Number of protein chains: 2
Amino acid sequence: MRTVTLDDVARRAGVSRATASRALNGSNRTVGAALRESVERAAAELGYEPNLPAQALARSAGNVVGLVVHDLADPYFAVIADAVTRAADRRGLVVMVGATGRDPEREIAYVAALRAQRVRAVLLVGSRTTGTSRRLRDEVDRYRGTGGRVACVGQDLLGVPTVAPANHEGARALAHALAGLGHRRFAILGGPPELITARERTSGFRDGLAEQGLPEPVVVAGAFDRDGGHAAAASLDLSAVSCLFAVNDVMAVGAVAALRERGIDVPGTLAVAGFDDIPSLRDLVPALTTVRLPLADMGERALELALDETAVSVQVPAEVILRDSTRRD
Amino acid sequence: MRTVTLDDVARRAGVSRATASRALNGSNRTVGAALRESVERAAAELGYEPNLPAQALARSAGNVVGLVVHDLADPYFAVIADAVTRAADRRGLVVMVGATGRDPEREIAYVAALRAQRVRAVLLVGSRTTGTSRRLRDEVDRYRGTGGRVACVGQDLLGVPTVAPANHEGARALAHALAGLGHRRFAILGGPPELITARERTSGFRDGLAEQGLPEPVVVAGAFDRDGGHAAAASLDLSAVSCLFAVNDVMAVGAVAALRERGIDVPGTLAVAGFDDIPSLRDLVPALTTVRLPLADMGERALELALDETAVSVQVPAEVILRDSTRRD
DNA sequence: CTGTTAGCGCGTTCAC
DNA sequence: GTGAACGCGCTAACAG
């Protein structure tokens, strides 16, 4: 059973390929009812499915968008990717994904790969980094130069419309809220210094503390994932600290686990807060105080930004959610 | 800045398009060192990137594989999708994803869409359902008829190589282990009856109990997600039950949350077990007793099965992991 | 080794 | 309204 082409359909319907094309796929030109009917029947009988890449080649306009994330297994990206996928589906688009494993080089490689695939748009999801972004930017510009649309979720550093979470503001508000709970000495699990998201959250939190006239927090670097949070919390001198802020929820989860192993009660002895409000982590005990980001919305918005010619960057608000992990009895 | 084609490169290098093609993209024919050099230089200067869809059209063999999951935001699928993505990347393939939202119709639609995209292979990840699979199977067969490769993760019901988790065996072993802990009266949060995975786990667990000479468990249906577990556990008469088995981890998490709201201590008053051993849920408190599936491996294997001409279905073992959520003091 | 000639599957002028 | 050409970007025979 060979793959059936438009020619096969045309032949079977006794019309020219042009007519078959007009009948099956839209066109400004119209087709006689009788012929259209028989073309459609022939197509159905043969199980014809248009060759979309070929169609895209002829039209020079395809229906696939690219999505590049750091780590699909990380619930932060999973939720966003899911939203992007659904939103794309609603618009008749299909999504190509790539996971970089947080390697900036692979992010660049993916943009090139997606350009090679002639995707209509590329979504770059995840924190920008301080370092090599120059080459990424070149690659992005090259892609845009060919008519490709780009948007990102993170920081507006590539000159493309981006969905920027209020990292600084959210962390700052969190600091105020925690200070309001009576905490005075803080430690921050700050993640990797080269991740701008990590920096923004760290500095926002510090600013909030400073505004409250509170002492400088201890800041410790580490990986941006669960194990990073675990490692950082495992080796930290907590003697003078009453509250720990991990710059994202999965790190916070790792931290809580490490504290438990050290016999430190949360929130009894030490309060812990995170950032993101990952949905699948909401049933954690103690429930994690965090800063909520509308993850799914962010994914949808990013797709809109990429597709809309007139789009500009937007900030999405972050909302402090106080839960049990910072409760003071 | 128009999109640069192979012709542009050829012209700039002063060679024919064929030569440029042979120099840049592999071919069995070889090219003179001098010409190859100048072609490569021209390509670099122009920032040439081959048009992969066009290339695929000419070669009639592309480098994209399709991946269809139920819900990308569900960590079960997220972990598998991540593994597939990475494995694909290693082989120079790119992945197109679709999330069906557990709607069998959309699964069928995705297979058709991926056929239209002329992807080299399609991976169907997730439990098969009892109902409409006939039309799915037709669609799959049509795709395979055109040379497309298919594999799935779940049950071997479509006549394609599949990675089948040992749902029955795993649940059965879990029942034995829990009985060994002294539990005698069980309830099962069985998920949706039309999901075969849910059925397999339920029946495996029942079989295990029967082998131990234990009474029939109470079985309650519900959604296959966190809220399903929550709802089921919230409205269940637990008076005579000492252990709850949720057919997957996310349901178990929802159940534990519901029990907490009802003031029921886990595992003190009621033990709870799940299935899957989702990595991001391992830090839950109490730590969830579960049945571990090698999720990432399963994703990789599925890709291998789809690509390998001689592949046959494989069962992947499931391992009982006893943790605190079923501890008896 | 290299250039020329055909397609791959489809959309789109252009005439009829 | 409908069909005959040509082109999208690239690879694969076929000749030199």
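The basis for the numbers below is simple: all heavy atoms, side chains too, and nothing from hydrogens, waters or symmetry mates. Quick caveat, the model's predicted, so the values are computed rather than measured. Numbered from 1 within each chain, the chains take letters A, B, ... in sequence-line order.
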Inset, instruction - Consider only side-chain N and O atoms of A:Q155 and A:T162, and report whether a donor and an acceptor are under 3.5 Å apart. - result: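 No, no side-chain donor-acceptor contact under 3.5 Å.
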Inset, instruction - Give me the one residue out of A:L158, A:V69, A:V160 that meets side chain to side chain contact (heavy atoms under 4.5 Å, CB included) with A:L124. - result: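 Result for side chain to side chain contact (heavy atoms under 4.5 Å, CB included) with A:L124: A:L158.
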Legend entry - Candidates B:V119, B:V64, B:T85 - the one meeting side chain to side chain contact (heavy atoms under 4.5 Å, CB included) with B:V94: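 Answer after filtering B:V119, B:V64, B:T85: B:V64.
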Inset, instruction - For the pair B:R149 and B:E309, find out whether any cationic side-chain nitrogen is under 4.0 Å from an anionic carboxylate oxygen. - result: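 Salt bridge present between B:R149 and B:E309.
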Inset, instruction - Inspect the contact between A:D7 and A:R11 and indicate whether a charged nitrogen and a carboxylate oxygen are less than 4.0 angstrom apart. - result: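 Judged by the 4.0 Å cut-off on N to carboxylate O distance, A:R11 and A:D7 do not form a salt bridge.
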Legend entry - Residue pair B:Y48 / B:T5: nearest heavy atoms and the distance that separates them: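 Heavy atoms only, the tightest pair is CE1-C, 3.6 Å.
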Legend entry - Gap between atoms CZ and P, on A:R11 and D:dG3 respectively (whole Å):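 Atom-to-atom, A:R11 to D:dG3, this comes out as 14 Å.
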Legend entry - Phosphate OP1/OP2 of C:dT4 contacted by B:S16 side-chain N/O (<4.0 Å):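 No, because none of the side-chain N or O atoms of B:S16 sits under 4.0 Å from OP1 or OP2 of C:dT4.
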Legend entry - Heavy-atom side-chain contact between A:N51 and A:T3 under 4.5 Å: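 In short, these two side chains do not touch, never coming nearer than 4.5 Å.
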Legend entry - Bend angle of the helix from C:dC1-D:dG16 to C:dC16-D:dG1, end axes from five pairs each (to 10°):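 Axis angle across the helix from C:dC1-D:dG16 to C:dC16-D:dG1, nearest 10°: 40°.
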Inset, instruction - Indicate for each nucleotide in nucleotides 7-14 of chain C, in 5' to 3' sequence, whether protein heavy atoms under 4.0 Å reach the base (B), only the sugar-phosphate (S), or nothing (-). - result: BBBBBBB-
Inset, instruction - Drop me the distance from B:H70's NE2 to B:L195's CG, to the nearest 0.5 angstrom. - result: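 Those atoms lie 7.0 Å apart.
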